[in-house]
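Indexing begins at 1, ligand by ligand and atom by atom, following the structure's order. All heavy atoms count here, side chains included; hydrogens, waters and symmetry mates do not. In this chain, numbering begins with 1 at the start of the sequence shown.
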Amino acid sequence: MKITNARVIVCSPGRNFVTLKIETDQGLSGLGDATLNGRELSVASYLTDHVIPCLIGRDAHQIEDIWQYLYRGAYWRRGPVTMSAIAAVDTALWDLKAKAADMPLYQLLGGRSRTGVMVYGHANGADVERTVEEVLRYKEAGYRAIRAQSGVPGLNSVYGVGRGTMFYEPADADLPSEHDWSSEKYLLHAPKLFEQVRQAVGPDIHLLHDVHHRLTPIEAARLGKALEPFHLFWMEDATPAENQESFRLIRRHTTTPIAVGEIFNSIWDCKGLIEEQLIDYIRTTVVHAGGITHLRRIADFASMYQVRTGCHGATDLSPVCMGAALHFDLWVPNFGIQEYMRHTDETDAVFPHAYEFRDGFMFPGEAPGHGVQIDEALAAKYPYRRAYLPVNRQAHDGTLWHW
Ligand code: CS2
Ligand code: MG
């Protein structure tokens, strides 16, 4: 099955997406997500100008050889742009191989390991009261796992509180908007939020929280300890993870489970965290960590240390990524949970898909491949619009901080 053509489709149905479409001499085509929030055109160019010329004429069935060709052959290895581009090619080739075999992708990976994929939704609000209302709404909607984020008294802007309630989109401006931050105000507030949320929702719902890289290790340890009475499913991105050793300090002080990895793009970013069991869940994704081929390697390595998967699934990961991730999640032995931030109706219309949500679980469907298509005519009606993620500054003195 020879690759005859490959195209990058950039569109913006409510937010920007970059999609790679690979076409073959057997009339089959495959799709991969290449969306990197705030830096979309970098990946589009990497694919169009540097990768696609090398794909034409290759055998689409040689997924591993093409992965190694693009990884080792680039010389400049790793990084979010390179690994998102490789991921898009890899995902499209897995989509193609499953279509050629006329089977859903999870069957090609090794078949289902569970009845469905447990997901978590995002409940957020400007204050504790409205966040509790949202958590209860998600419980009512059938979610068994819910992430809670709320505004922090005394701060003008908040992470995780987005447009309306159902949809959260952080890339909110043509140039980076500026948020303010106070770790001290946040550390005083977060335990109060979860005391209220846990009391309202009862003991059986999994609660999750995203610190979004903003604490120092000792502050993260303090937060983990303070949240222990509310038995969270995980505390995510508690501190920046460039220095993997910093998680030793957090681990020494708290039993709150730890999740990291949505911004990782290779196994090397998480090797120490996993082999020292400094984390409980690895959040790497199909679109940013080199595709299905590399994500399987990360998951298998993690399973040796009883670390489970918890793939990132925000709105800036397209339905193509979500579809592929659900097939991966249905197969992967050490599955933990899948993030599921719903896309808007206009996004879903551009990306028709087989997956569905039922009673707190997602099901990838039985369509051949990953089950997600793109309506190119409709996509063309939503041209790219530059949009940046915010930056963050310390409220008391303006120091540029982690967003
Ligand atoms: C967040 C993301 O979903 C999450 O866990 O960390 O929403 C993240 O802020 C965005 O994906 C950034 O583009
Ligand atoms: Mg996160």
*Where do Ala148 and Phe194 come nearest, in terms of heavy atoms and distance?*
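The pair with the smallest heavy-atom distance is O-CZ, 3.6 Å.
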*Looking only at non-hydrogen atoms, find the nearest pair between Leu47 and Pro53 and report the distance.*
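Nearest pair, atom of Leu47 first, then Pro53: O-CD, 4.3 Å.
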*Not counting sequence neighbours, which residues clear side chain to side chain donor-acceptor pair (under 3.5 Å) with Tyr382? List them please.*
none
_What I'd like to find out is whether the side chain of Phe233 reaches to under 4.5 Å of the side chain of Tyr120, using heavy atoms alone._
no
_Below the 2.8 Å mark, what number of protein N, O or S atoms do you get around the Mg ion (ligand 2)?_
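My tally for this metal is 3.
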*Under a 4.0 Å heavy-atom cut-off, what residues line ligand 1?*
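Residues Asn37, His122, Arg147, Tyr159, Tyr168, Asp210, His212, Glu236, Glu262, Arg283, His312, Ala314, Asp316, Glu339, Met341, Leu389, Trp403 each place a heavy atom under 4.0 Å from ligand 1, listed by chain and number.
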*asked:* Is the distance between the ring centroids of Tyr355 and His353 under 6.0 Å?
replied: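 Aromatic pair counts; centres sit under 6.0 Å.
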*Gap separating the CD1 atom of Ile3 from the CG atom of Asp59, nearest 0.5 angstrom*: 8.0 Å
*Summary of salt bridge (charged side-chain N to carboxylate O under 4.0 Å, His left out) pairs that have at least one residue in residues 33-42, sequence neighbours excluded*: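 Checked against salt bridge (charged side-chain N to carboxylate O under 4.0 Å, His left out) - neighbours excluded - the pairs reaching residues 33-42 are Arg15-Glu40.
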*Can you find a side-chain donor-acceptor pair between Glu339 and His122 that sits under 3.5 Å?*
yes
*Does a salt bridge link Glu228 with Arg198, judged by any charged N lying under 4.0 Å from a carboxylate O?*
no
